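Read the structure below first, then the notes.
Keep in mind it's a predicted model, so treat the numbers as computed, not measured. All residue numbers in this chain count up from 1 along the given sequence. Read the numbers this way: they start at 1 and go in the same order the structure lists the ligands and their atoms. Just so you know, these numbers use all the heavy atoms, side chains as well, and skip hydrogens, waters and symmetry mates.
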Amino acid sequence: MSSSHFDVIILGGGPAGERAAVQAGRAGKRVALVEREHVVGGACVNWGTIPSKTLRESAIFVRELTTQKIEGIRCEIKERITMADFMHHERVVVQRELELINRTLEKYAIEVFAGHGRFIDPHTVSVTGKDGRERLRLRADFVVIATGSVPNHPPDIDFNGETVFDSSTILRLQRMPESMVVLGAGVIGVEYASVFAALGIQVTLIDTRDQLLPYLDREIAALLKRSLKKLGIVLVQNDHYRKVETAPGPRSTVRIYTRAGNLLEADVLLYCVGRDGSTRDLGLESAGISPNDRGLIDVNEFYQTVQPHIYAVGDVIGYPALASTSAEQGRQAMRHAFNIPGPRGRTEMLPFAIYAIPEISHIGVTEEDLKQGSRDYVVGLGKYEMNPRGQILGDTDGVLKLLFETDSLRLVGAHVIGTSASELIHVGQAFLLNNADAYQIAETLYNYPTLSDLYRHAALEAIAARRRKRGG
Ligand SMILES: Cc1cc2nc3c(=O)[nH]c(=O)nc-3n(C[C@H](O)[C@H](O)[C@H](O)COP(=O)(O)OP(=O)(O)OC[C@H]3O[C@@H](n4cnc5c(N)ncnc54)[C@H](O)[C@@H]3O)c2cc1C
């Protein structure tokens, strides 16, 4: 078997692998990228981030059409609407993204090998085709593991693709169900529950925890809970499935028996409790690397595994498992390996977004963190209902919450729930990174009418709160 020598082999062509490849390619390195699917892009482009966000836009559109009444305009939705109707735009977006990625890979002369990559030894990777036959062997000075994650599948659930789905298969639904149970209220579960509810499907969301998204600021989580209820979602908390069975009949349904004694029957079950690192059949033992029981790989601050020349980045190393952080980890690993200038080490002050309906985004600490750390703080709220842009948009439930240290009035946390939250958070991110205080935020001039102007309102409120606190 002939083998070629590269500066670096990258396993996996999702955002982590693609960005690692481009960073190394730009530095003039010879790069091999191994991808087992027929396209690059990974979960982000093909079956996760972009498809789910495109469906979400359709869901919002449908909801607005059916709930906002404008005199003289009547909209109808055909009776037999299918998933394919909603996903038409997704194919256009995905195609465009793939074109851009392929063009970039070409520009930096990245050599892409189709097939399943597996370690033969710490510097050698074999590439196997769909037929299970080894096609070639690649050798390199460095290797990057960027194989992503896969949905967790408990052995007692039959993921039949007809009544039971996971987050990678749900968008292949053949018909629009009337009812759905979503098991797991993590980010993906909450997002899909709200999207399908907005499309008019009766959704029950089972949360295995007693607190919805426990890392969120509790005030924001309470607003989310209220919004999910408004969408018609039934939220069951602190419960787990005991048994899942498909009920026979002309139109099969799925029954979920829970530990708390509930029996839920629906057209479809979407199971999304956790994801595991995609490290099965990767030959890690031949490279001297042992993943943990969830398939995740341990790395140091430079994303090196126990083998210093083998890096691991993206979902395969676990938290935070986002497209943005995965891409940045890929770049940083290559900067470290090839001594390329640029930011090093783990990224701090990450913005997080949850594309539920409504959207949520946050950066920095929560009110609960401040209480726990016994730090003295003041809060400022900017309410969409008091903001002309919020009124124009018809979003009167949205809120921007800013947290400041009392003494310095320095911003330490920003939280948004409402329209464009994931965009709006970057204003807060810029203020946070520049150590801005409430006065600077209040004195900044914003376009009018904009949601960004909420920052001024929230900062003014915090200044007033501090005055009251000090008896002024
Ligand atoms: C439904 C859903 C919605 C999401 N929404 C968001 C969001 O809104 N925002 C956000 O930031 N993130 C979101 N994410 C997370 C985001 O998609 C991931 O964090 C990101 O894709 C991880 O990138 P990655 O490169 O590490 O892995 P992946 O994108 O999973 O790519 C890994 C690639 O490796 C390939 N591979 C695996 N094993 C091998 C092998 N042995 N040989 C060759 N190739 C291999 C796979 O085929 C795949 O293409 C979402 C995820 C899902 C599932």
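Using a 4.0 Å cut-off to heavy atoms of S52, the atoms of ligand 1 that qualify are 3 (C). Near A146, meaning under 4.0 Å from one of its heavy atoms, ligand 1 places the atoms 32 (C), 33 (C), 34 (O). Close approach of ligand 1 to V34 (heavy-atom distance below 4.0 Å) involves ligand atoms 43 (C), 44 (N). Short contacts between ligand 1 and G48, defined as distances under 4.0 Å to a heavy atom of the residue, involve ligand atoms 1 (C), 2 (C), 3 (C), 52 (C), 53 (C). Within ligand 1, the atoms closer than 4.0 Å to a non-hydrogen atom of Y355 are 8 (O), numbered from 1 in the order shown. Atoms of ligand 1 found under 4.0 Å from any heavy atom of L282, numbered from 1 in the order shown, are 41 (N). Within the listing of ligand 1, atoms 26 (O) sit less than 4.0 angstrom from a heavy atom of G314. Annotation for ligand 1: atoms under 4.0 Å from non-hydrogen atoms of L322 are 10 (C), 11 (O), 12 (N), 19 (O).
Protein heavy atom nearest atom 12 (N) of ligand 1, with residue, atom name and distance: A323 N, 3.3 Å. Nearest to atom 16 (C) of ligand 1 among the protein's heavy atoms is T49 OG1, 3.4 Å. In this structure, atom 25 (O) of ligand 1 lies nearest to the protein heavy atom A16 N, 3.0 Å. Summary of contacts: the protein heavy atom closest to atom 33 (C) of ligand 1 is E35 OE1, 3.6 Å. The protein atom (non-hydrogen) at minimum distance from atom 21 (O) of ligand 1 is C44 N, 3.3 Å. Remark: minimum distance from atom 22 (C) of ligand 1 to any protein heavy atom is reached at D315 OD1, 3.2 Å. Considering only non-hydrogen protein atoms, atom 27 (O) of ligand 1 sits nearest to G148 CA, 3.2 Å. In terms of protein heavy-atom proximity, atom 36 (N) of ligand 1 is closest to R36 NE, 3.8 Å.
At least one donor-acceptor pair closer than 3.5 Å links the side chain of D166 to the backbone N or O of S168. In this structure, the side chain of R335 does not engage the main chain of G342 through any donor-acceptor pair within 3.5 Å.
Ion pairing between E99 and R96 holds under the 4.0 Å rule for side-chain N and carboxylate O. By the 4.0 Å N-to-carboxylate-O rule, D276 lies close enough to R294 to be salt-bridged with it. Ionic pairing of R56 and E359 is present here: one or more N-O contacts between side-chain nitrogen and carboxylate oxygen are shorter than 4.0 angstrom. Between R30 and D141, none of the side-chain N atoms (NZ, or NE/NH1/NH2) sits under 4.0 Å from a carboxylate O, so this pair counts as no salt bridge.
Under 4.0 Å from ligand 1, not a single heavy atom of T325 appears. The side chain of K53, and not its backbone, has at least one atom closer than 4.0 Å to an atom of ligand 1 (non-hydrogen atoms only; side chain from C-beta on). By the criterion of a heavy-atom distance under 4.0 Å, both the backbone and the side chain of P15 are placed next to ligand 1. The proximity of R275 to ligand 1, defined as any non-hydrogen pair under 4.0 Å, is limited to the side chain. If you look at I188 next to ligand 1, the close heavy atoms, those under 4.0 Å, all belong to the side chain.
Between V234 and the options T204, L228, V203, a side-chain contact (heavy atoms from CB on, under 4.5 Å) holds for only T204.
Residue contacts with ligand 1: G41 is placed with no nitrogen or oxygen under 3.5 Å of a nitrogen or oxygen of the ligand (distance criterion only).
For atom 37 (C) of ligand 1, the candidate residues are D281, I10, T147, V125; the nearest heavy-atom contact is made by T147.
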